[in-house]
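Values reported hereafter were calculated over all heavy atoms of this structure, with side chains retained and with hydrogens, waters and symmetry mates removed.
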Amino acid sequence: MVDFKKLEKKWQNAWEDKSTFKVEVNDKKKFYIAIVYPYMSGLLHVGHLYTYVPSEILMRYKRMQGFNVLAKFGFHCTGSPIVTAAKKVTEKEPSQLESLKKMGIKESQFVDFEKPEHWVDYFSQETLVDLSSIGFSIDARYTFKTTSLNPPYDAFIRWQFNKLKEKGHVKKGKHPVVWCPKCNSPVGDHARSEGEGETPKDFIWVKFRLKDSDLILMAGTTRPDALYGQTHLWIDPNGKYKVVEVNDEKWVVGADTVKKIEEQYASVKIVGDISPKELIGRWAKGPLVDYDVYIVPAWFIDASVGSGIVYSALEDPVDLFELKKIHSNMKMLNEYNLDKDVVAKLKPFPIIKVSGMGDNLGEEIGKEFNITSPDETEKVKAAKDELNKRVFRKGVMQDNCRACSGMTVSECQEYLKEHLVKNGEAIMFYEFTNKVVCRCLTDAIIKMVSDQWFIEYNDPKWKKQAHECLDKMQIFPSETKKQFNYVIDWLNHWACTREFGLGTRLPWDTKWIIESLSDSTIQMAYGTISKYLQHPEDYDFKIDKLNDEFFDYVMLDKGDVNVVEKSTGISKVRLNTMKTDFEYWYPFDFRNSAKDLVQNHLTFCMFNHTAIFPKKHWPKTFMVNGRVMVNNEKMSKSKGNFFTIRELYQAHGADVVRLTAANAGEGINDANYDMAFLETAKKKLSELLDFAQNNYDKGRDEVLSIDNWFESMLNKSVKETTENIENMKFKSAIKTGFLDMQRNLKTYLNRTKNSPNKKMINQFIEVQTKLLAPITPHVCEEIWELIGKEGMVSLAEWPTVDESKIDESLVEIENIFAKVVSDISKVLTLAKITAPKKITLFISESWKYSFFKKLKEELDNTRNVGELIKATLVKGHEKDIPKLIQSILKDSSKLPATVTSQKQEVDALTQELDNLKGKFGAEVEIIKAEDSKEAKSKSASPGKPAILVE
RNA sequence: GCGGGGUUGCCGGAGUGGUCAAACGGGAUAGGUUUAGGCCCUAUUGGCUUAGUGCCUACGCAGGUUCGAGCCCUGUGCCCCGCACCA
């Protein structure tokens, strides 16, 4: 077995020594690949590998096609994960320490990892080691890390935000956030010990003004539409209520809600307690209707839920059945001094029309669910859920609903939410539907963050531009375009600042740090000149005074170079070098990522480009890949199928690991990194090297028809492989550019009895090496050297297709031969003949060939038997033709893909006579059907000789 | 709930109207080679079957369009992913 590791080191050193992948601006056409940078909270793992392989293959492929290729690589460090991880190290959290250990870090070094800055330095360096060890052909001078630890990058991000602000895309706003009062920060899904997936649900609290009083009863609801059908208010007769003063109004709310109001809405002054008894039996006036509503007790109401007060619209089955209870409960009516007549008159009245249902929705659904008593609480609840669903989906507001008449229920809800709040008749209020607990075990709350900065992705004009950008882009796979379209429309305000974590400070409000997904949206532009900004000393300048004018000049062609020279201290010459570089490289031509970045980063990238750059610098191509599984299971440390790239290449070698990654999958579906394939890859690559070494420049000079077949197949492989790469189908490229090629080689050697044509075998080895070079470059360089080629295969020219060498009839003839062999075997089995004496092959009568050709053409026009007969009729065969047409119509597989000729078929099979004789140990005779009296001979058809065994 | 993707042999997965179902990879079984194992080679891997190179059944389920459907349409079951301030 080949020592891959040794060979790989050799070529990695050679690339380094010869600066094979260092790029400079030149006259060639450029191709800029902006690789998504990895997060530096650890070493690269299989997931990264799978995402990076497409970029890496593409950059090598484009280089071989003569492009000047820039591949940007960075190290992402902004946000909270690194800080959190460092904190865990400080706290000596076992799983965190274990994970460091697994990445090869010694215990004595742990103390260094208590500082976030150390993570940034350490992992970006180690990642660079991994990248070169796996043979990625990037130019390391262009790599950079993010955050304020990298001042020029920091300046770039400030510039980006100043630009966004200038264009009016960044604004201050309010937003409800799931918040941990102890950690004093938002609690994302991943940071919860309970309540994953929970989001603040928006309610509105509607104001009901108590008659003959200045008190306002706040009634919470998600169904403002039902206000049109309001009948009365429910209140918890045993609950605790308070009167509080909010913005000069006196509200009655459940006692437990006071704190929530402060967190979400406004400061609260508690006036005092109020007993439900003081309210029951009185009247209140709510919005949207002219009448007053009566206040009624209900035990299903809980003062601590919502606002503690609910208004009733009797289409709701719960309310309806609850009211029935009260109707019949004289004792209670008396206890609360309720007016019997008023209560008796409370009746539902219809406001919503649901198709397929009558007017009295509550009663009807009750019957449907077979509810006989109000105490069947489960049934009642199920009925309520079902009704809500129907109302929301199909409900239309009836004519008695004033401004909302004719609206669908969902439209009406949106309309009322906005209008009631605007008119001061309600407030927005957010609640969880389930409990949320922070990882620190504190109950989370909903907090209204009010001085947060937002990027306004909801701006319709901006959305339009983003759509325009998307329309012009190439998206792989193309189905993903739909998803992008949806995301552009769905994106709303995006909170872009945080109080905690690594990153760049918001230039005009420095208490805030720019959030991690917002800071990386146009950094690909920075990547075009990062070589200079990260290593100014190599280019004789200093960058201690980078400012917005600098980026304006270099990237937007704005401002005066003399002014910029003065303010930055960078010479005009250097400024113009960077400007030229930027203008040469930008925009980026390709960017790929896993599909989870579609709904944020990749879409942000489009938005931000349209805001800041002119159209010519908008992104060109996105490719989205699935997530990677390992051995068909989600990768996870606990399952033991979590691998760093380092572990893999150290154990198997870079090429093997790369080939396995490229073969793991393609398209948007989840891929599978198959550890078993590592062994297959090893074998196949070893064989490849051995074969090239032992067979190059050996063979005969004479040309046989099988050589031409081989050449056809070779050209086909090049064609298909090139197409596959162009379509970002890298797994298919392995199939057509490697596996199929190897199978054809096997067939070829078999058919030539291991005596290949020298020219062909050389061509094969050269083409094979080139096609594989982007995927397994080390082995390919080695082969390239072994066969005595000049220079690096990495810089060799990508093979071109010679269409004239693709002869479909040769391909067909070879298929016929293979089929004949298998048919003979089959016949022998069926006839139970083990040792045949003689095999006769009858080649189809010659008229059938032209008939088949003609028929093939005619089939595109018609399927009508009569017409086909007329069109294809050959004199003298009036009887045969209808029969043939019938059978072909029934099973079109009888018609070969390519119709050859009788002569070709006879010649080809005659050439293989010895081959056939050897295979079956029998005499073989080939006869044209015309020359035989055997009845069987007439059943031969083009591509399918008749077979007679004796 | 909303949006996107998927559903094909023992497994992973090709295949988007006839040329073609199962490419390619993996696994399994039998045979050959081998001291043995591995590598490698051959055959089989939905069912049936005949003096013949075939027939039938199958692409989640049920319908439909078509001369013809894995592919198009309608309905439906199930699985995966995302739904935000988090990288």
Side-chain angles (χ1 to χ4, degrees), chain A residues 1 38-39 41 76 78-82 175 177-178 186-191 197 199 389 392-393 449 452 454-455 457 477 479-480 482-487 489-498 501 515-518 520 594-601 626-627 629 631-632 634 663-672 674 676-677 679-681 683-684 686-687 731-732 734-736 738-740 743 746 750 819-820 822-833 856 859-860 862-865 888-898 936 939-940 944-949:
Chain A
M1 187 76 73
Y39 201 79
S41 55
H76 199 201
T78 67
S80 56
I82 289 177
H175 198 71
V177 170
V178 180
V187 191
D189 244 0
H190 50 92
T199 50
K389 244 185 235 173
F392 188 75
R393 282 192 200 148
V449 181
Q452 172 68 272
F454 291 90
I455 299 184
Y457 290 121
E479 308 94 88
T480 320
K482 270 190 251 172
Q483 180 79 354
F484 276 111
N485 259 316
Y486 175 79
V487 174
D489 289 331
W490 162 83
L491 272 178
N492 214 310
H493 323 264
W494 181 272
C496 61
T497 52
R498 296 207 59 175
E515 175 268 336
S516 191
L517 282 169
S518 299
S520 52
K595 59 183 168 191
D596 37 357
L597 295 192
V598 169
Q599 40 278 328
N600 44 60
H601 171 77
R627 304 189 59 95
M629 322 249 275
N631 292 339
N632 272 317
K634 223 179 196 166
N663 191 53
E666 65 191 12
I668 194 87
N669 291 339
D670 287 350
N672 182 33
D674 184 358
F677 187 81
E679 297 306 320
T680 308
K683 272 190 297 202
K684 288 191 190 291
S686 279
E687 255 172 61
K731 182 176 175 154
S732 299
I734 290 177
K735 187 199 165 230
T736 56
F738 184 37
L739 302 170
D740 285 353
R743 191 165 35 90
K746 214 186 246 178
N750 217 324
K819 185 83 176 122
V820 163
S822 93
D823 284 349
I824 294 175
S825 313
K826 205 159 194 178
V827 171
L828 289 173
T829 316
L830 284 168
K832 299 193 177 65
I833 297 174
K856 228 175 146 52
L859 279 175
D860 292 338
T862 179
R863 291 269 156 185
N864 180 296
V865 182
I888 285 168
L889 277 181
K890 198 174 152 221
D891 176 10
S892 38
S893 70
K894 290 192 174 103
L895 206 58
T898 307
K936 186 143 233 38
S939 69
K944 205 160 186 63
I947 299 165
L948 185 71
V949 293

**Student:** Which comes earlier along RNA chain B counting from the 5' end, the contact point of Ala664(A) or that of Ala946(A), where each point is its nearest nucleotide?
**Tutor:**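 Its nucleotide being nearer the 5' end, the pick is Ala664(A).
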
**Student:** What pairs with Lys944(A) under salt bridge (Lys or Arg N to Asp or Glu O under 4.0 Å), at least two apart in sequence or on another chain?
**Tutor:**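 Lys944(A): salt bridge (Lys or Arg N to Asp or Glu O under 4.0 Å) contacts with Asp823(A).
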
**Student:** Taking only residues two or more places apart in sequence, or in another chain, which ones meet Thr480(A) in a side chain to side chain donor-acceptor pair (under 3.5 Å)?
**Tutor:** none

**Student:** Nucleotides 38-43 of chain B: which of its N/O atoms have a protein N/O under 3.5 Å away?
**Tutor:**
unit_1: C41(B); atom_1: OP1; unit_2: Lys746(A); atom_2: NZ; d: 2.6

**Student:** From the list C85(B), G54(B), C24(B), which nucleotide is the closest neighbour of the side chain of Arg743(A)?
**Tutor:** C24(B)

**Student:** Looking at residues at least two apart in the chain, or sitting in another chain, which of them share a salt bridge (Lys or Arg N to Asp or Glu O under 4.0 Å) with Asp740(A)?
**Tutor:** Lys735(A), Arg743(A)

**Student:** What's touching nucleotides 3-7 of chain B from the protein side, N or O pairs under 3.5 Å?
**Tutor:**
unit_1: G3(B); atom_1: O4'; unit_2: Tyr486(A); atom_2: OH; d: 3.4
unit_1: G4(B); atom_1: O4'; unit_2: Gln483(A); atom_2: OE1; d: 2.7
unit_1: G5(B); atom_1: OP1; unit_2: Lys482(A); atom_2: NZ; d: 2.8
unit_1: G5(B); atom_1: O2'; unit_2: Asn669(A); atom_2: OD1; d: 3.2

**Student:** What nucleic acid atoms does Asn663(A) come within less than 4.0 Å of, heavy atoms only: base, sugar-phosphate, or nothing?
**Tutor:**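 No contact.
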
**Student:** Taking only residues two or more places apart in sequence, or in another chain, which ones meet Phe454(A) in a ring pair (Phe, Tyr, Trp, His ring centres under 6.0 Å)?
**Tutor:**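 Expected list: His175(A), His493(A).
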
**Student:** Using a cut-off of 4.0 Å on non-hydrogen atoms, how would the nucleic acid contact of His493(A) be classed: base, sugar-phosphate, or nothing?
**Tutor:** base

**Student:** Among all residues two or more places apart in sequence or in another chain, which pass the salt bridge (Lys or Arg N to Asp or Glu O under 4.0 Å) test with Arg498(A)?
**Tutor:**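 For Arg498(A), no residue satisfies salt bridge (Lys or Arg N to Asp or Glu O under 4.0 Å) once neighbours in sequence are set aside.
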
**Student:** Students often get this wrong, so: under 4.0 angstrom with heavy atoms, is Ile947(A) touching a base, only sugar-phosphate, or nothing?
**Tutor:** base

**Student:** For RNA chain B, report each stem as range with range, ordered by first number, or say none. Use Watson-Crick or G-U wobble pairs under 3.5 Å, at least 3 in a row.
**Tutor:** B:1-7 with B:77-83, B:10-12 with B:24-26, B:27-32 with B:40-45, B:46-48 with B:54-56, B:60-64 with B:72-76

**Student:** Hey, does Asp674(A) reach any base, or is it just sugar-phosphate, or nothing, if we go heavy atoms under 4.0 Å?
**Tutor:**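 If one applies the 4.0 Å heavy-atom cut-off, Asp674(A) turns out to touch nothing in the nucleic acid.
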
**Student:** Students often get this wrong, so: under 4.0 angstrom with heavy atoms, is Ser80(A) touching a base, only sugar-phosphate, or nothing?
**Tutor:** sugar-phosphate

**Student:** Considering residues at least two apart in sequence or located in another chain, which fulfil the salt bridge (Lys or Arg N to Asp or Glu O under 4.0 Å) criterion with Asp489(A)?
**Tutor:**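 Residues passing salt bridge (Lys or Arg N to Asp or Glu O under 4.0 Å) with Asp489(A): none at all.
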
**Student:** Base, sugar-phosphate alone, or nothing: which one does Ser41(A) contact when heavy atoms must sit under 4.0 Å apart?
**Tutor:**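 Touches nothing.
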
**Student:** Where the side chain of Lys735(A) is concerned, which of A23(B), C86(B), G25(B) is the nearest nucleotide?
**Tutor:** A23(B)

**Student:** Using a cut-off of 4.0 Å on non-hydrogen atoms, how would the nucleic acid contact of Arg498(A) be classed: base, sugar-phosphate, or nothing?
**Tutor:**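 Sugar-phosphate, no base atom in range.
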
**Student:** Suppose we screen for ring pair (Phe, Tyr, Trp, His ring centres under 6.0 Å). Which residues come up paired with Tyr457(A), at least two apart in sequence or across chains?
**Tutor:**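 Trp462(A), Phe604(A), Phe607(A).
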
**Student:** Restricting to side chain to side chain contact (heavy atoms under 4.5 Å, CB included), what partner residues turn up for Ala594(A), sequence neighbours left out?
**Tutor:** Thr51(A), Asp596(A), Asn625(A)

**Student:** If the condition is side chain to side chain donor-acceptor pair (under 3.5 Å), which residues does Asn485(A) pass it with, not counting sequence neighbours?
**Tutor:**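 Result, side chain to side chain donor-acceptor pair (under 3.5 Å) vs Asn485(A): His467(A).
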
**Student:** Among C24(B), G12(B), A84(B), which is the nearest nucleotide to the side chain of Trp490(A)?
**Tutor:** A84(B)

